[in-house]
Peer 1: 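Below: one structure in structure tokens.
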Amino acid sequence: LTLSNTSTGSSTAVVCVQSLGTALGATHDVIRNCNIIAGSTTVSSIFGIHVAGTTVSTSATGDDNDYLTIQNNSIKKAYYGIYSRATAAGRNDSLKILNNSIGANVTADQIGKYGMQLYEADHALISGNEVFNIVGTVTNPTGIRIEAGVVNSSITKNNIHNLYYTSTGGYGGKGIDVATSANANVTISNNFVSKMRGDGWSTFTSDAIVGIRILSPSTGINIYNNSVLLDDLVSRSSSSDVSAALYLHSAASSMNVKNNILINKISNSTGTAKAYAIASDAPATAFINIDNNDYYASGPQGVLGRNSAA
């Protein structure tokens with residue numbers, strides 16, 4: 001089944017799952033085995049799948065769209081592949097996003113900025129998805145963005161690759177970007193992240209190239225068995241760029257980081273840079289465990305690790 005919305009107007013989506021209010025969500029719905037094609041990769045409020053309320057927008061919320069399954073779909077030609085947002089009063093329970101292809105090989109059909117962006121979800125499972133070829137001048141192309149209120153959830157077995165910022169403003173790709181809540185109990189495991197590119201930036205909390213990034217106020221994060229490979233050339237003569245396969249914010253705590261392969265071979269061909277396998281601004285007390293990881297950095301700008309709080 002092919003579902004298409006060719007509109008290039010703002011605030012449009014191909015598929016909408018809409019709540020009428022707290023305890024009035026659309027429940028037990030399944031979106032499966034569909035080709036979902038929107039109308040534009042550059043209009044910032046066009047969505048492949050929009051899960052919220054009766055308004056379509058980049059800040060729309062809708063409570064209790066519970067037990068939604070999005071599975072085995074091809075999603076393309078949208079600024080957001082999947083957007084899902086509730087409020088803390090009615091988190092979306094048991095959201096499953098499984099085995100979807102989000103992106104395209106044809107430039108005109110690629111995703112504009114976010115493979116998926118999720119807020120306020122409890123016991124979500126994000127597994128087996130391929131997010132790829134988010135390429136263009138839109139800043140900070142991002143595979144999976146986890147926002148406030150995503151708790152007790154798993155992000156596992158996803159393949160995220162070829163996220164390229166192609167202009168010169170100082171931005172870069174982000175594979176898995178986590179900015180959820182304290183005591184989130186979110187597990188990131190068995191994902192493969194590769195080919196993040198841009199001209200980069202000098203700060204990790206804004207626009208630098210990062211494979212997996214844990215931002216404030218995220219605590220209670222488990223990072224297990226992931227493989228991250230950053231290996232592209234960048235060119236930015238006016239800035240001391242930094243990049244990292246894994247970055248951990250100073251506010252992060254209660255973390256387990258185990259059995260990951262973290263490789264950074266990025267090189268800035270025209271300026272100075274530091275390419276870290278792991279960069280942490282968190283103190284040693286932030287870690288419950290940090291064991292059995294394989295760190296590799298190469299080239300004249302490669303640095304195995306940084307802990308600014310040490």
Side-chain angles (χ1 to χ4, degrees), residues 36 47-51 58 68-71 73-76 78-85 92 95-104 110-135 138-165 172-181 184-198 208-215 218 221-230 244-249 252 260:
I36 296 171
F47 307 85
I49 298 175
H50 187 274
V51 183
T58 59
L68 171 64
T69 297
I70 301 170
Q71 185 175 18
N73 302 287
S74 170
I75 303 171
K76 61 183 69 174
Y79 197 84
Y80 292 74
I82 299 170
Y83 171 93
S84 174
R85 188 169 186 173
N92 294 327
L95 171 66
K96 291 181 173 62
I97 302 176
L98 309 173
N99 303 319
N100 300 282
S101 172
I102 304 174
Q110 292 171 355
I111 296 297
K113 181 163 185 172
Y114 294 108
M116 62 184 80
Q117 185 182 40
L118 312 177
Y119 296 78
E120 299 292 350
D122 194 354
H123 287 94
L125 176 60
I126 314 303
S127 181
N129 303 284
E130 182 182 18
V131 182
F132 66 105
N133 288 354
I134 305 178
V135 179
V138 174
T139 62
N140 295 321
T142 302
I144 298 175
R145 173 77 181 187
I146 303 298
E147 304 279 9
V150 177
V151 297
N152 306 315
S153 296
S154 294
I155 304 158
T156 183
K157 300 178 183 176
N158 301 286
N159 182 9
I160 303 166
H161 60 94
N162 295 88
L163 275 54
Y164 298 165
Y165 168 72
K174 317 285 187 290
I176 299 174
D177 216 13
V178 179
T180 185
S181 308
N185 188 30
V186 168
T187 296
I188 303 165
S189 65
N190 295 294
N191 300 285
F192 182 44
V193 177
S194 62
K195 297 292 183 182
M196 303 294 108
R197 186 184 293 177
I209 299 167
V210 185
I212 298 174
R213 184 170 70 162
I214 310 301
L215 295 171
S218 307
I221 308 298
N222 305 306
I223 304 171
Y224 300 140
N225 304 311
N226 301 283
S227 297
V228 179
L229 172 61
L230 306 182
L246 173 63
Y247 171 73
L248 307 164
H249 190 274
N260 302 283

Peer 1: Side chains of Asn185 and Asn222: does their closest heavy-atom pair fall under 4.5 Å?
Peer 2: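 Side-chain contact under 4.5 Å: yes.
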Peer 1: My understanding is that only residues two or more places apart in sequence, or in another chain, count here; which of them pass ring-ring contact (aromatic ring centres under 6.0 Å, His included) with His161?
Peer 2: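 With neighbours one apart ignored, the set is Phe132.
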Peer 1: Check side-chain hydrogen bond (donor to acceptor under 3.5 Å, both in side chains) between Ser84 and all other residues, then give those that pass, not counting sequence neighbours.
Peer 2: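 Residues passing side-chain hydrogen bond (donor to acceptor under 3.5 Å, both in side chains) with Ser84: Asn92.
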Peer 1: Could you list the residues that satisfy side-chain contact (heavy atoms from CB on, under 4.5 Å) with Ile75, not counting sequence neighbours?
Peer 2: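 Partners of Ile75 by the side-chain contact (heavy atoms from CB on, under 4.5 Å) criterion, ordered by chain and then number, come out as Ile36, Ile49, Asn73, Ile82, Ile102.
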Peer 1: Do Leu246 and Val228 pass the side-chain contact (heavy atoms from CB on, under 4.5 Å) test, and can you show the C-alpha distance, the side-chain angles, and the key distance before you say yes or no?
Peer 2: CA-CA 8 Å; Leu246 173 63; Val228 179; over 6 Å; no
Peer 1: Mind checking whether Asn191 and Ile212 have side chains closer than 4.5 Å, heavy atoms only?
Peer 2: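 No, every pair of side-chain atoms sits at 4.5 Å or beyond.
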Peer 1: The criterion is side-chain hydrogen bond (donor to acceptor under 3.5 Å, both in side chains); which residues satisfy it with Tyr114, sequence neighbours excluded?
Peer 2: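 Checked Tyr114 against side-chain hydrogen bond (donor to acceptor under 3.5 Å, both in side chains); zero matches.
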Peer 1: For residues Ile160 and Met196, report the shortest heavy-atom separation together with the two atoms involved.
Peer 2: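 Shortest heavy-atom contact: O-CE, 4.0 Å.
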Peer 1: Could you name each residue pair satisfying salt bridge (Lys or Arg N to Asp or Glu O under 4.0 Å) that touches residues 119-134, not counting sequence neighbours?
Peer 2: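 Residue pairs passing salt bridge (Lys or Arg N to Asp or Glu O under 4.0 Å), neighbours aside: Arg91-Glu120.
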Peer 1: Could you give the distance from CZ (Phe47) to CE (Met116), rounded to the nearest 0.5 Å?
Peer 2: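 Rounded to the nearest 0.5 Å, the CZ-CE separation comes to 14.5 Å.
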Peer 1: List in chain and number order the residues that pass side-chain hydrogen bond (donor to acceptor under 3.5 Å, both in side chains) with Gln71, two or more places apart in sequence or in another chain; answer none if no residue qualifies.
Peer 2: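 So Gln71 forms a side-chain hydrogen bond (donor to acceptor under 3.5 Å, both in side chains) with Arg32.
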Peer 1: Ignoring hydrogens and angles, tell me if any N or O in the side chain of Asn260 forms a donor-acceptor pair with the backbone of Asn225 under 3.5 Å.
Peer 2: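 Confirmed, Asn260 side chain pairs with Asn225 backbone.
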Peer 1: Check whether any side-chain N or O of Ser194 sits under 3.5 Å from a backbone N or O of Phe192 as a donor-acceptor pair, and report yes or no.
Peer 2: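 No, the answer is negative, given that no donor and acceptor are paired below the 3.5 Å cut-off.
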Peer 1: How long is the gap from CZ on Arg197 to CG on Leu230, to the nearest 0.5 Å?
Peer 2: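 With rounding to 0.5 Å, CZ (Arg197) is 11.5 Å from CG (Leu230).
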Peer 1: Specify the closest pair of heavy atoms between Ala121 and Ser153, including all atoms of both residues, with the distance to one decimal.
Peer 2: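 Closest pair (atom of Ala121, atom of Ser153, distance): O-OG, 3.9 Å.
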Peer 1: Scan Ile126, Asn158, Ile214 and name whichever one has a side-chain contact (heavy atoms from CB on, under 4.5 Å) with Ile188.
Peer 2: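 With Ile188 as partner, side-chain contact (heavy atoms from CB on, under 4.5 Å) holds for just one option, Ile214.
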Peer 1: With sequence neighbours left out, what residues match Arg213 under salt bridge (charged side-chain N to carboxylate O under 4.0 Å, His left out)?
Peer 2: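 Partners of Arg213 by the salt bridge (charged side-chain N to carboxylate O under 4.0 Å, His left out) criterion, ordered by chain and then number, come out as Asp177.
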Peer 1: Is it true that a side-chain atom of Thr180 and a backbone atom of Val150 form a donor plus acceptor pair closer than 3.5 Å?
Peer 2: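 It does hold such a pair.
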Peer 1: Answer whether the closest heavy-atom distance between the side chains of Tyr80 and Thr58 falls below 4.5 Å.
Peer 2: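 Counting from C-beta outward, Tyr80 and Thr58 do come under 4.5 Å.
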Peer 1: Once side-chain contact (heavy atoms from CB on, under 4.5 Å) is applied, do any residues pair with Lys113, and if so which ones, sequence neighbours excluded?
Peer 2: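 Partners of Lys113 by the side-chain contact (heavy atoms from CB on, under 4.5 Å) criterion, ordered by chain and then number, come out as Tyr79, Val138, Thr139.
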Peer 1: With sequence neighbours left out, write down each residue that passes side-chain contact (heavy atoms from CB on, under 4.5 Å) with Ser74, or none if nothing qualifies.
Peer 2: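 Once residues adjacent in sequence are excluded, the partners of Ser74 under the side-chain contact (heavy atoms from CB on, under 4.5 Å) criterion are Asn35, Lys76.
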Peer 1: Would you list the pairs meeting salt bridge (Lys or Arg N to Asp or Glu O under 4.0 Å) in which at least one residue belongs to residues 153-162, sequence neighbours left out?
Peer 2: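 Output for this query is empty, none listed.
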Peer 1: Among residues at least two apart in sequence or on other chains, which ones pass side-chain contact (heavy atoms from CB on, under 4.5 Å) with Thr156?
Peer 2: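 Once residues adjacent in sequence are excluded, the partners of Thr156 under the side-chain contact (heavy atoms from CB on, under 4.5 Å) criterion are Leu125, Ser127, Ser189, Asn190.
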Peer 1: Compare every heavy atom of Tyr164 with every heavy atom of Lys195, then report the nearest pair and how far apart it is.
Peer 2: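 In terms of heavy atoms, the two residues are closest at O-CE2, 3.2 Å.
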Peer 1: Within the 4.5 Å heavy-atom criterion, are Val193 and Ile176 side-chain neighbours or not?
Peer 2: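 Yes, at least one pair of side-chain atoms sits under 4.5 Å.
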